[in-house]
Each structure stands twice: as structure tokens, then as C-alpha cells.
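Numbers here are sequence positions counted from 1.
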Amino acid sequence: MITLFQNSLYRFSLLNEKQQVLFFDWTAKTKEMSYEDFQAACHNFAGFAWQYQSTHLLVDTCNFHLQLPAEFPVWREEQLNPRYYKLGVLKFAYITKPEFIGWMKDIPAENGKFETKNFTSVADAVNWLNH
């Protein structure tokens, strides 16, 4: 793993797997984060995806504590995901705590959009991203 960027809220790393995977790891400091901080972090991650031409993305949300507002899905689809679609992202994996996995929705790849799957372990997510 090669750390590309790190601050008190998150870290971005490259995982040298079969597929080059860009990894976004939130810290427990997200308890102190604002929604604007969250949006900036997401835009930064997309920028690193472009810089490294990463089409396989992994986000660990186990330490993520910010309550996202109701308008988040609209913002994500209008402001963030178009960058990923244009890059050609193929797979997007999330790691979550086992007690939350039942609430997470997997989304199939359709109409030029990437596939999204949720996992409870990094190993399982990386295995899926590599195949």
C-alpha cells in the first residue's frame, strides 16, 4: 500500500493488487467534520482517481461518523458521480460494519454507471475489485 495523502479526517492510498485500487480510509475524527469537509474530501478522492486513472475504488466507512443530510444523494449524483462516469470507473466497493451491512444497497452497473457493492472486510472487497 502506498499512501498518497493523509490528514486527520482521511487517508488515500493505492493498493497494488491485480487491479490498481484507490483506497479511501476515514478516521474517527469524522465526528468533528462538517458536511462541507465531507464534500471536499469526496472531490479530492475523485481528483486522485483521475490523477491515477483508477477505475476500481474502495472506501472504508467503518470509522465514518458524520450524519449525511437528506440532500446528499442528489449532490452525489449531480456533482460527484459524473466525474467517476467520465473517468470510466468500473467498480466501487464500500466497507461497513457488520451491523450496518443489511441496510446497504448494492447497485448493478447500468447505463454507463459503475457497479457498487458493500462488504464487511477489506479482503472481500479487494477480492471482488480484482475480479
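Scanning both residues, Ala49 and Leu22, for their nearest heavy atoms gives N-CD2, 3.3 Å. Nearest heavy atoms, Asn7 versus Leu9: OD1-N, 2.8 Å. In this structure, Thr55 and Gly88 approach most closely via the heavy-atom pair CG2-O, 3.5 Å. In terms of heavy atoms, Gln79 sits closest to Arg83 at O-CD, 4.1 Å. Scanning all heavy atoms of the two residues, the minimum distance from Val21 to Leu129 falls at CG1-CD1, 3.8 Å. Listed here is the closest heavy atom pair of Leu66 and Ser34: CD2-O, 3.9 Å.
Taking the side chain as every heavy atom from C-beta outward, Phe119 and Asn127 never approach each other to under 4.5 Å. For the pair Tyr94 and Phe64, the minimum side-chain heavy-atom distance is 4.5 Å or more. Leu87 is listed as a side-chain neighbour of Gln53, based on a closest heavy-atom distance under 4.5 Å. Counting only heavy atoms from C-beta outward, the side chains of Trp26 and Phe38 approach each other to under 4.5 Å.
Transitive grouping of hydrophobic side chains (ILVMFWY, heavy atoms separated by less than 4.5 Å) brings Leu80 and Tyr35 into a common cluster. Linking ILVMFWY residues whenever their side-chain heavy atoms come closer than 4.5 Å, directly or via other members, leaves Leu14 and Met1 in distinct clusters. Cluster annotation: Leu68 and Phe24 are assigned to the same hydrophobic cluster (Ile/Leu/Val/Met/Phe/Trp/Tyr, side-chain heavy-atom contacts under 4.5 Å, transitive). The hydrophobic clustering, which links ILVMFWY residues whose side-chain heavy atoms are closer than 4.5 Å, places Met33 and Val59 together. The cluster map of Ile, Leu, Val, Met, Phe, Trp and Tyr, joined by side-chain heavy atoms under 4.5 Å apart, puts Ile2 and Val122 in different clusters.
Between Asn63 atom CG and Lys29 atom NZ the span is 12.5 Å, to the nearest 0.5 Å. Within the model, atoms CD of Gln20 and CG of Asn130 stand 11.5 Å from one another, a figure rounded to the nearest 0.5 Å. We find the CE-OG1 distance between Met104 and Thr116 to be 10.0 Å, quoted to the nearest 0.5 Å.
In this structure, Phe48 and Phe5 have tilted ring planes: the angle between them lies in the 30° to 60° band. Ring geometry for Phe12 versus Phe45: interplanar angle of 30 to 60°, hence tilted. Relative orientation of the Tyr84 and Phe114 rings is perpendicular, given thresholds of 30° and 60° on the angle between their planes.
Of the residues Asp106, Asp124, Thr61, the one that meets the side chain to side chain contact (heavy atoms under 4.5 Å, CB included) test with Asn118 is Asp106. Screening Thr30, Asp37, Thr27, Asn44 for a side chain to side chain donor-acceptor pair (under 3.5 Å) involving Tyr10 leaves a single residue, Asn44.
Residues forming a salt bridge (Lys or Arg N to Asp or Glu O under 4.0 Å) with Asp25 (at least two apart in sequence, or on another chain): Arg11.
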Determine whether Leu4 and Tyr52 satisfy the following criterion, side-chain contact (heavy atoms from CB on, under 4.5 Å), listing intermediate values before the conclusion.
CA-CA 10 Å; Leu4 304 173; Tyr52 290 91; 3.5 Å; yes

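Not less than 6.0 angstrom separates the ring centroid of Trp50 from the ring centroid of His43.
Within the structure, the salt bridge (charged side-chain N to carboxylate O under 4.0 Å, His left out) test picks out the following pairs touching residues 48-77 (sequence neighbours left out): Glu77-Lys113.
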